[in-house]
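Structure first, then comments.
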2 protein chains.
Amino acid sequence: MDLNVHDEMTCQVRDVLDRVGDKWTLNVVHQLRHGTRRFTDLKRGIDGISQRMLTVTLRALERDGLVARTVHPVVPPRVDYALTPMGQTLLKTAWELIEWAQTHADDIAGARRRYDSTAG
Amino acid sequence: MDLNVHDEMTCQVRDVLDRVGDKWTLNVVHQLRHGTRRFTDLKRGIDGISQRMLTVTLRALERDGLVARTVHPVVPPRVDYALTPMGQTLLKTAWELIEWAQTHADDIAGARRRYDSTAG
DNA sequence: CAGTATCCATCTGGATACTG
DNA sequence: CAGTATCCAGATGGATACTG
């Protein structure tokens with residue numbers, strides 16, 4: 001596989017990396033790991049996220065078929081979010097990268113300290 | 001593990017995701033998969049990258065201990081870049097996410113078309 | 001409760017010019 | 001060859017106010 005920006009394959013990969021690499025997506029996906037959650041419930045579970053960014057992130061995940069959105073026609077409104085099967089496979093795969101990050105966090109922090117103290 | 005932005009673990013994970021999720025890092029890492037490469041060689045291998053962004057990306061990878069930079073004191077200058085052992089484990093792990101992206105690219109594209117045609 | 005709308009600061013990265 | 005320096009456009013996301 002080639003990662004060049006101008007072939008077709010790469011643009012698809014960039015789409016996915018742009019989604020996964022943004023500020024809130026993995027956090028939202030992680031919140032949904034055990035099943036259905038409501039909007040406000042998610043907002044409480046993700047420290048620091050704004051109402052706007054939760055909406056934006058959920059809409060993008062829904063658009064990509066990674067999260068299912070269910071509106072219950074009641075008053076007050078109730079909307080449920082859950083991972084689709086494809087969303088669950090994303091969680092599983094992305095989690096390995098997160099575990100890599102955890103495993104190597106100290107090494108990276110140490111490398112940065114050395115680099116910054118050497119170069120100034 | 002918790003992904004909340006305010007605990008320590010998450011900030012480390014965000015560091016890594018910010019690195020991997022940026023526009024050029026994985027492309028550069030991928031170019032180095034078979035061994036040492038020179039600056040101009042890398043630039044030729046990555047379609048669309050500017051000189052500035054190749055430098056910025058390589059410096060960040062070097063700072064994190066993922067890439068080793070070797071300067072040969074010759075004229076004209078010769079600088080070699082290669083993955084460190086840690087850089088090689090990153091390539092391996094990140095590649096699984098890229099394979100996920102390839103596997104599900106059509107599903108995601110289809111989901112987007114359906115979403116966009118339904119909602120307008 | 002679950003959003004939408006608007007405005008704005010910051011960050012990312014591209015273009016261009018210059019250099020040891 | 002392998003960079004550095006500067007400038008600038010566009011994307012990202014936070015704050016705030018409003019709503020069915």
Side-chain angles (χ1 to χ4, degrees), chain A residues 3-6 10-11 14-28 31-32 36-63 67-82 115 119-120, chain B residues 3-6 10-11 14-28 31-32 36-63 67-82 115 119-120:
Chain A
L3 254 181
N4 254 337
V5 131
H6 290 307
T10 302
C11 295
R14 269 255 59 87
D15 276 350
V16 174
L17 290 174
D18 286 345
R19 165 87 39 260
V20 171
D22 77 4
K23 194 167 177 182
W24 299 109
T25 290
L26 280 187
N27 216 319
V28 169
Q31 287 290 317
L32 294 172
T36 297
R37 305 282 298 271
R38 297 180 61 177
F39 186 89
T40 303
D41 185 24
L42 283 170
K43 181 155 173 19
R44 268 193 297 267
I46 304 171
D47 203 358
I49 197 170
S50 65
Q51 200 165 23
R52 178 179 119 84
M53 286 315 296
L54 181 55
T55 300
V56 168
T57 304
L58 285 167
R59 287 289 184 281
L61 285 167
E62 187 197 0
R63 178 171 182 259
V67 159
R69 178 173 178 264
T70 309
V71 181
H72 302 276
V74 294
V75 182
R78 177 192 175 114
V79 181
D80 286 339
Y81 292 93
Y115 184 96
Chain B
L3 254 181
N4 254 336
V5 133
H6 290 306
T10 301
C11 295
R14 269 254 60 86
D15 276 350
V16 175
L17 290 175
D18 286 346
R19 165 88 38 259
V20 172
D22 76 5
K23 193 167 177 181
W24 298 109
T25 290
L26 280 187
N27 216 320
V28 169
Q31 288 289 319
L32 295 171
T36 297
R37 305 282 296 272
R38 297 179 62 175
F39 186 88
T40 303
D41 186 25
L42 282 170
K43 183 154 171 19
R44 269 192 296 266
I46 303 172
D47 203 0
I49 197 170
S50 64
Q51 199 164 24
R52 178 178 120 83
M53 287 315 296
L54 181 55
T55 300
V56 168
T57 303
L58 285 167
R59 286 289 184 282
L61 285 167
E62 185 196 2
R63 178 171 182 258
V67 159
R69 176 173 180 266
T70 309
V71 181
H72 303 276
V74 295
V75 181
R78 178 193 175 112
V79 182
D80 286 339
Y81 292 93
Y115 184 95

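Lettering of chains follows the sequences in order, A, B, ..., and the numbering in each one begins at 1.
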Is a side-chain donor or acceptor of B/Q31 paired with a backbone partner of B/I46 at a separation under 3.5 angstrom?
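Absent.
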Looking at residues at least two apart in the chain, or sitting in another chain, which of them share a side chain to side chain donor-acceptor pair (under 3.5 Å) with [X]?
{"X": "A/R52", "answer": "none"}
{"X": "A/R38", "answer": "none"}
{"X": "A/R19", "answer": "A/D64"}

Under the rule for salt bridge (Lys or Arg N to Asp or Glu O under 4.0 Å), what residues qualify as partners of A/R78, not counting sequence neighbours?
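Residues passing salt bridge (Lys or Arg N to Asp or Glu O under 4.0 Å) with A/R78: A/D80.
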Interatomic distance where [atom1] belongs to [X] and [atom2] belongs to [N] [whole Å]:
{"X": "A/H72", "N": "D/dG20", "atom1": "NE2", "atom2": "P", "result": "23 Å"}
{"X": "B/R78", "N": "D/dC1", "atom1": "CZ", "atom2": "P", "result": "12 Å"}
{"X": "B/I49", "N": "C/dT12", "atom1": "CD1", "atom2": "P", "result": "16 Å"}
{"X": "A/L54", "N": "C/dA2", "atom1": "CG", "atom2": "P", "result": "10 Å"}
{"X": "A/M53", "N": "C/dA2", "atom1": "CE", "atom2": "P", "result": "19 Å"}
{"X": "A/K43", "N": "C/dA2", "atom1": "NZ", "atom2": "C1'", "result": "12 Å"}
{"X": "A/D18", "N": "C/dC11", "atom1": "CG", "atom2": "C1'", "result": "15 Å"}
{"X": "B/D15", "N": "C/dC11", "atom1": "CG", "atom2": "P", "result": "14 Å"}

Give the stems involving DNA chain C, where a stem is 3 or more consecutive Watson-Crick or G-U wobble pairs (i with j, i+1 with j-1, and so on) under 3.5 Å.
C:1-20 with D:1-20
Where each residue is assigned the nucleotide of DNA chain C containing its nearest heavy atom, which of B/P77 and A/T40 is assigned the position nearer the 5′ end?
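Going by which nucleotide is closer to the 5' end, it is A/T40.
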Residues 53-63 of chain B, side-chain donor-acceptor partners within the protein, below 3.5 Å, at least two apart:
from: B/T55; atom 1: OG1; to: B/Q51; atom 2: O; distance (Å): 3.1
from: B/T57; atom 1: OG1; to: B/M53; atom 2: O; distance (Å): 2.7
from: B/R63; atom 1: NE; to: A/D116; atom 2: OD1; distance (Å): 2.9
from: B/R63; atom 1: NE; to: A/D116; atom 2: OD2; distance (Å): 3.4
from: B/R63; atom 1: NH2; to: A/D116; atom 2: OD2; distance (Å): 2.8

Check whether any side-chain heavy atom of B/I49 lies under 4.5 Å from a side-chain heavy atom of B/N27, and answer yes or no.
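Not in contact.
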Once base and sugar-phosphate atoms are separated, protein heavy atoms under 4.0 Å mark nucleotides 3-11 of chain D, 5' to 3', with B, S and - as BB-B-----
Considering all heavy atoms of both residues, which atom of B/L32 and which atom of B/L42 are nearest to each other, and what is their separation?
CD2-CD2, 4.0 Å
Applying side chain to side chain contact (heavy atoms under 4.5 Å, CB included), name anything that partners B/V71, two or more places apart in sequence or on another chain.
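Side chain to side chain contact (heavy atoms under 4.5 Å, CB included) check on B/V71 returns B/R69, B/V79.
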